[in-house]
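As structure tokens, the structure follows; a few thoughts come after it.
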Amino acid sequence: MNSPTEEPTWLRRALIAFAFIHVALMIILPFASVIAQACSDGIATFTRTFGSRDTIHAIKLTLLIALIAVPLNTLVGIAIAWGFTHVKIPGKRTLLALLDLPFSISPVVVGFLFILLLGKHGLFGGWLEARGIKVIFAFPGLLIATLFVTMPYIAKELIPLMDGRGREEEEAARLLGAGWWRIFWKITFPEIKWGLLYGIILCTARSMGEFGAVAVVSGNIRGRTNTLPLHVEALFQDGDLPAASAAASVLAILGIVSLVARTITDIKAKAKN
Amino acid sequence: MRYLTPISLVLLIFLTGCSDSATKRQSILNVSYDPTRELYKDINQAFLAESKLQIAIEQSHGGSGKQARSVLDGLEADVVTLALAYDIDILATQGKLIPEDWQDRLPNHSSPYFSTIVFLVRKGNPKEIFDWGDLIKPNVEVITPNPKTSGGARWNYLAAWAWAEKNLKDEDKVLGYMTNLFKQVPVLDTGARGSTLTFAQRKKGDVLLAWENEALLAVRDYPDDQFEIVHPSISILAEPAVAIIDASTEKHKTSDIAQKYLDFLYSDTGQAICAKHFYRIANPNAADPKDLLPFKTIELVNIREHFGGWKTAHEKHFADNATFDAIIKRR
Amino acid sequence: MAIQVNNIHKSYAGTKVLNGLSLQVNDGELIALLGPSGCGKTTLLRIIAGLEQPDQGTVLCDGLSTDEVKPGDRKVGFVFQHYALFRHLSVFENIAFGLRAKPRSERPSEEEIKRKVASLLDLIQLDWIAKRLPQQLSGGQRQRVALARVLAIDPKYLLLDEPFGALDAKVRLELRRWLRDRHHDLGVTTIFVTHDQEEALDVADRIVLVNSGKVEQEGTPDQLYNHPKTPFVCDFLGFVNTITIQGRAYHVRPHEIKLSREPIELSIQLKVNTIRTAGQLVQVELQDNESKPVTVALPHDIFAQVNPIIGETLYATPAIQRTFDAT
């Protein structure tokens with residue numbers, strides 16, 4: 001059993017045990033404690049939390065943002081990926097690195113960037129104020145911040161897929177007289193659809209769970225600009241731990257749903273290839 | 001294409017759901033600091049009941065400094081109710097949102113309620129903390145938020161300074177004491193509520209430097225008498241301040257409502273509610289006598305007479321590279 | 001003139017791929033673009049198809065510039081080396097793709113599409129695999145489907161990019177015969193890219209040999225094989241010995257050398273190394289006094305007459321005096 005190139009059995013077991021304990025401590029335990037905390041006062045906590053106008057509004061606001069941000073970023077993501085793989089652009093590498101920006105800078109910094117751009121004293125703040133358009137500390141600000149942080153997910157998924165083996169097929173279709181829509185729908189889309197779905201799931205999960213960037217541009221007005229994650233924080237700061245946990249469990253469940261969906265699409269996509 | 005109908009339907013439902021009464025009904029926004037959540041919940045209810053106004057009052061809470069920053073950046077507060085006058089001052093000096101003499105527009109320098117800084121310790125006071133000097137004993141962990149971001153923390157800092165000045169006299173010794181004090185602080189939360197949660201919920205530290213109202217709230221709300229309040233020999237008169245933000249109320253046409261709202265804080269009903277939420281008040285006759293019982297009389301210094309006002313205090317202590325930064329560096 | 005290519009220049013990232021190349025293709029002709037890999041022949045084909053834009057120069061198809069007509073409207077049938085079949089569509093749908101992509105006014109009815117696809121499947125002798133997906137087919141089958149797919153749009157020009165390059169030798173031979181016969185039946189102007197000279201000689205009416213982005217020589221297979229204008233052409237179209245006699249280099253193929261025991265005018269002394277008699281011709285390997293090998297191929301009757309013996313010295317003389325020296 002113990003070949004010289006292999007780690008000794010005890011080490012392997014210890015590593016596996018360590019990995020399990022780590023997962024249990026870092027993921028399962030916090031998750032279980034949120035659910036336990038939420039259920040500590042029984043069903044009453046849930047009815048109280050989800051009966052409150054502020055919580056309902058936070059859920060609606062979060063869903064609305066996702067409902068706009070995800071389709072928009074889906075279109076933008078497809079367009080970016082298509083452009084990157086089909087058009088000769090000078091400095092493609094730099095642009096590709098730029099696409100990573102929302103991933104690589106802290107969400108809080110993203111929020112401040114938008115305040116610096118669109119806030120009252122920001123670059124475009126005066127212009128917006130003169131026209132009576134409220135962006136920061138209002139719905140558009142929340143949407144823009146979410147759009148920004150979730151922008152790369154879909155494009156990132158699609159670029160390697162569109163860059164791959166489908167290119168000659170697209171050329172073949174073009175020479176057979178197909179228009180761009182037919183090429184996209186019949187040739188490109190079947191190639192990218194699982195990746196696209198995967199990207200959409202990631203994008204949705206992030207847009208509903210985003211805290212940092214949104215927190216900065218929200219203004220934390222209850223019942224108006226508090227998204228669900230912000231509302232969880234607000235309830236926690238109120239010292240209302242059960243309600244905070246109940247609201248958080250919605251986010252946790254959304255997270256699990258997206259995890260399961262991701263796993264399924266991943267398996268499907270692998271089976272396809 | 002066949003998915004379009006259900007998608008647009010869902011979108012429609014949410015759009016109608018979100019453009020709810022709050023945007024149609026007239027509303028005012030009160031941008032406040034951290035530990036006033038419970039207070040304003042009651043105040044708002046009572047105000048609406050008494051004034052019979054058909055409006056919505058929206059609340060935003062956070063660290064006092066951060067909230068002021070948001071208002072500067074365009075958060076259109078109709079009124080601000082912040083932890084200290086300095087945070088409102090910058091709305092006048094930097095933002096030009098209110099006149100510079102805003103503090104004279106309401107009684108008591110625009111402070112409808114007061115508080116002070118006390119110690120919250122664990123049951124039985126095991127580390128025997130009775131006064132500011134005890135905080136620098138070995139093995140005492142002190143919990144306070146960061147004076148850079150939290151109003152409450154500035155009051156904590158100034159209260160400690162006042163004691164040190166009175167007892168140690170010499171400025172170098174005062175600085176030594178302050179440095180030692182912040183050496184005992186394991187985490188600097190950004191807001192007072194965060195520190196309360198660190199101390200009470202996460203059970204970190206031996207003593208919490210807290211607003212008196214926050215400390216009393218913790219004693220009442222946490223089960224099993226886990227905490228005790230210690231009143232030091234000397235503390236500071238903490239004066240949260242309130243103001244109408246003229247720039248916003250003119251735009252929203254809410255000047256009248258905002259004025260009534262802040263006046264209500266000074267009314268008998270308002271004062272009684274403040275006392276109930278553990279704030280000291282100028283007009284004790286308005287309060288339920290049993291709400292006044294927890295307020296012990298101790299020596300309180302005040303910011304204007306003792307520290308030369310907020311502008312001076314800020315420049316000496318809290319501005320960039322001022323005393324507090326030096327203390328943190330030496331820590 | 002079906003296709004006219006004028007003075008095409010094309011570079012990729014600073015590397016010149018085509019360098020002033022010109023070419024004419026007549027109606028109904030089948031020409032082979034032959035050349036070593038990297039000589040620019042595939043790029044040229046893609047430019048003719050409209051998939052790439054030349055840096056300079058023009059391509060006219062039936063007198064119309066490629067700038068004026070979109071690639072999809074030009075009725076170009078392009079067959080890719082790796083087939084580029086639509087892997088999410090069945091064989092039937094692959095072949096029907098071009099018909100369904102026609103503008104609504106020209107699009108045939110479903111009935112006609114079925115009929116046309118069936119006849120094409122018949123043509124490629126694969127009517128029994130209509131419902132399969134491309135990945136379920138062999139390489140040869142895939143390439144035939146790819147051909148049927150472009151034939152469906154009744155192309156005016158057929159452009160084939162190393163169409164048999166990825167197939168094994170036997171299938172390759174079979175398919176190129178089949179292609180030649182189909183070309184004979186259909187008479188579509190066809191350009192065929194290959195790096196295999198045998199394939200080019202076998203299939204094409206005319207060969208255009210491309211080297212370093214330029215036409216090295218063009219002509220019938222016979223002209224190129226027997227009357228090459230440069231050593232490169234000579235060498236590229238088949239094995240060639242270079243023997244130096246009296247200071248001149250003669251480029252002669254193995255069957256263009258005579259062997260004898262007596263020295264004759266214009267001959268060189270060679271030592272016999274090996275003899276292989278299997279095959280249509282007998283291969284005799286010889287070497288000169290500098291150990292440079294020379295290969296000679298003799299019909300069996302001539303071999304019997306000369307009867308070389310391993311180790312002996314013979315006199316070799318070129319039957320064709322082909323030199324490229326400047327005279």
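Below, chain A is the first sequence line, B the second, and so on; all start at residue 1. If you're wondering where the values come from, they're calculated on a predicted model, not measured in any experiment.
- Leu118(A) does not touch chain B: none of its heavy atoms, backbone or side chain, sits under 4.5 Å away.
- The distance from the CG atom of Leu29(B) to the CZ atom of Phe137(A) is 10.5 Å, given to the nearest 0.5 Å.
- Other residues, nucleotides and ligands contribute more than 12 heavy atoms inside 6.0 Å of the OH atom of Tyr222(B).
- Dense packing is recorded around CZ of Phe184(A), with more than 12 heavy atoms of other residues, nucleotides or ligands lying under 6.0 Å away.
- Neither the backbone nor the side chain of Phe139(A) comes within contact range of chain B; no heavy atom of the residue lies under 4.5 Å from a heavy atom of that chain.
- Asn30(B) does not touch chain A: none of its heavy atoms, backbone or side chain, sits under 4.5 Å away.
- Heavy atoms of Arg37(B) lying under 4.5 Å from chain A belong exclusively to its side chain.
- Between the side chain of His121(A) and the backbone N or O of Leu72(B), at least one donor-acceptor pair lies under 3.5 Å.
- Legend: salt bridge (charged side-chain N to carboxylate O under 4.0 Å, His left out) pairs involving residues 64-76 of chain A, not counting sequence neighbours: none detected.
- Proximity of Lys120(A) to Leu75(B): side-chain heavy atoms (C-beta onward) are nowhere separated by under 4.5 Å.
- For Ile221(A), the parts lying near chain B are the backbone and the side chain together; criterion is any non-hydrogen pair under 4.5 Å.
- For the pair Leu241(A)/Gln201(B), a side-chain contact is recorded, criterion being any heavy-atom separation below 4.5 Å from C-beta on.
- The backbone N or O of Gly219(A) sits less than 3.5 Å from a side-chain atom of Ser60(B), completing a donor-acceptor pair.
- Counting heavy-atom pairs closer than 4.5 Å to chain A, the top residue among Lys66(B), Gln59(B), Glu38(B), Lys251(B) is Gln59(B).
- The distance from atom CG of Asn220(A) to atom OG of Ser70(B), rounded to the nearest 0.5 Å, is 7.5 Å.
- Salt bridge Glu76(B)/Lys134(A): present, at least one basic N to carboxylate O contact under 4.0 Å.
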